[in-house]
Amino acid sequence: MDSRSDSGAGPSGPTGPQTACAGPWWRARFILSGGGALAAVCLLVAAPLNAQGLPDPLTTTPGDPVRGEAIVTDPQHGLCTLCHEGPFPQVPFAGNLGPDLTGVGARRAVPELRQQIVDSRIGNPDTIMPPYYTTDGRERVGARWQGATMLRAQEVEDVVAYLASLTGDMP
Amino acid sequence: MRRAIVFTVAFLLPGLAWSDDRRTGYDDMNADLQALQDDPMNPATFWVLDGERLWSEPAGTTAQSCADCHGSAEDSMQGVAARYPSFDESSGTAVDLLGRIALCQSRHQQTAQPRDRSDPDRLALLAYVTHQSRGLPIMPDEDPRLAPARARGEALFSSRMGQLNLSCAQCHDDNAGGYLAAARIPQAHPTGYPQYRLEWETIGSLDRRLAGCMTGVRADPFAPGSPELVALELFLKSRAAGLTVEALPIRP
Amino acid sequence: MSVLINIPDSAAPGEIIEIKLLIQHPMETGFRTGPDGALVPRDIIESVTCLYLGEEVFRADLYPAITANPFVGFHLRADTTGEIEFIWTDNAGVTSREARTLTVA
Amino acid sequence: MTLSRRTALTALLSLPLVLQTRAALATPESMQAALDDFTGGAPVTPGRVTLKIPLLVENGNSVPLSVSVDSPMTAEDHVEQIAIFNEINPLPDTARFHLGPRSGLAAVETRIRLNGSQTVHAVARMTDGSFWSATTDVIVTAPACREV
């Protein structure tokens, strides 16, 4: 496993190898992301995989909705607005392949939002939404993305916190 | 008339079904880009002109030109691009038109080095030969020996790949017509290759585009001219059967 | 490198004709970096000049913001049969030229 | 072949990086400086110039642009120059066209690169030393799956 930091070197996610916490790779990850991440991934792999989603946060630091908004609205980082419209007046051209995120925080509970971002295939195997926090079941991943998840654990929490805050109509 | 052609092709190629609301990349372009493609001052013209010159130019150790064997391209190459990829007897594999030009150069002209597929002269010949099929319907080669590769292309089209874990079909079948950011997703009918792509600011082949698509989903792209990309082209051409080969295509 | 020139063969005296040029050229801006991280040297056409009977009647100064394979269109009042010459020069000072004859009758 | 390091690390919908540069990008201020250089500081009046350019562009690598100026184009009264400026490319100067009475018609066209959404300016200098202008706001989107 690599420990590159440019696009996030996350663990294998909820359905990944249970030994992830013990591997030497994880040490590098721990150093990169700081404390809390180690405990977080152990929580993650222990989380039940059911329709209720992932109730336990991936990190001990609560998600920051302001950082989450920056990730969601950056088409080169979160990529979210490539497919989702939403209450993002700063994004001139959002795509329409996924549902509009306006009010998503009122429609979906936090564990569901977290599950959807970590690996939306859990709820819908045919989903077009990329898995943001697992390396499971991926084929032919390009060299510079090998072993890396699309977001880091804390970034997932930030995005979840931001989406959970979207409870109203367009601002 | 076009419907008649479509029915003819449907008869010739049973089992390759499509709905008749197929759209091309040209159909999905805005009026300004369509106007650039239709303009006599279309920059792709340069590659067709270069190809026309190269067609009659002796090359390689045999000092033979394409014209020495094939005569006038306007006669001998008419409709050829519309049926490619085809089956190469001696290698026993499917080859795309660019691969066929390369084989011709090495077998008959004995050109010194096997040149890169992005070699400008080879792309110019590809453009010139393809130009001889402008306006003709795509008529996939029915050679049964191509069937396994075509089936492989179909499987690849539906295979999820890359960090984004997306298949071609998820965008270009399931979500064609939708918008990925500001860009309308086309139906993946390869009517316009080689094409002058504004992104590239030059002409390029279908396998360059497919590799670009794969990199877009953060996958390790298949090599230019690889059996996988030829297989994908075979499948895509079968879906596009009956659609018109575009001359001097422009794409954003 | 070649050029496409769209110009009528003939015109009536006093007629205003339209001339279009498309020149095969990469118009490398000099601002882009290559795969090695180094700047790709600038390679652009800096000027396109039209001479009518030896007199400059039009010139376009081009900058890196002009597209690859630059296109220029302009107009000319036809009054005398004669040569129309097109000259374009790149930033290394290399000059190319093409000429057409316009018949005015 | 001419990818910047940043593009190489980007997948899907990069911003248009045609003129991606290490140099400072042109800002409206540096564009104003270039415009002042063209006019010698003389006042520029909106009008007499028609600038045709698409309002919405999918790829900034090739944007068709045409400019015409209301002028009799006589020996005494004609357009001498038409200058095109942009606000956010590395260089504000885009193109300059030198015309004369032999032009017959003050109408020129070209295709330009735009490094993102911005206002494009066309300024014409007349034989009487006056300057006239037109501007158009252009929104540049980008093709979706760009090659990286």
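Proteins get letters first, then strands, A, B, ... in listed order; numbering begins at 1 in each.
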Out of Gln146(A), Arg140(A), Arg138(A), Arg144(A), which one pairs with Gln163(B) under the side-chain contact (heavy atoms from CB on, under 4.5 Å) rule?
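Exactly one option meets the side-chain contact (heavy atoms from CB on, under 4.5 Å) with Gln163(B), and it is Arg138(A).
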Q) Under 6.0 Å from the CD atom of Glu139(A), do we count more than 12 heavy atoms belonging to anything else shown? A)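 No - once you tally the heavy atoms of other residues, nucleotides and ligands closer than 6.0 Å, there are 12 at most.
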For this session: Compare all side-chain heavy atoms of Asp174(B) with those of Leu97(A) and state whether any distance is below 4.5 angstrom.
Result: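 No, their side chains stay 4.5 Å or more apart.
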Review point. Does some side-chain heavy atom of Asp220(B) sit less than 4.5 Å from a side-chain heavy atom of Val141(A)?
Key: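 With C-beta onward as the side chain, the pair stays apart.
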Determine the option with the most heavy-atom pairs under 4.5 angstrom with chain A, choosing from Gly178(B), Gly162(B), Pro221(B), Ser167(B).
->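 Maximum pair count with chain A is reached by Gly162(B).
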query = Got a second to check how far Tyr132(A)'s OH is from Asn165(B)'s CG, nearest 0.5 Å?
reply =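 Interatomic distance, Tyr132(A) OH to Asn165(B) CG, rounded to 0.5 Å: 12.0 Å.
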Notebook entry, point to check: Could you state the interatomic distance from CG (Leu166(B)) to CE (Met129(A)), rounded to the nearest 0.5 Å?
Noted result: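 Output value for this atom pair is 11.0 Å.
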Original post:
Taking all non-hydrogen atoms of both residues, which atom of Cys83(A) and which atom of Leu180(B) are closest, and how far apart?
Top reply: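 Scanning both residues, the minimum pair turns out to be SG-CD1, 3.8 Å.
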Review point. Do you know the tightest heavy-atom contact between Arg160(B) and Arg121(A)?
Key: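 Nearest heavy atoms, Arg160(B) then Arg121(A): NH1-CD, 4.4 Å.
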- Message: Filter on ring pair (Phe, Tyr, Trp, His ring centres under 6.0 Å), then keep only pairs touching residues 98-127 of chain A, sequence neighbours left out; what's left?
- Response: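 Found none.
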Exercise. Who passes side-chain hydrogen bond (donor to acceptor under 3.5 Å, both in side chains) against Asn96(A), sequence neighbours left out?
Worked result: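 Once residues adjacent in sequence are excluded, Asn96(A) has no partner under the side-chain hydrogen bond (donor to acceptor under 3.5 Å, both in side chains) criterion.
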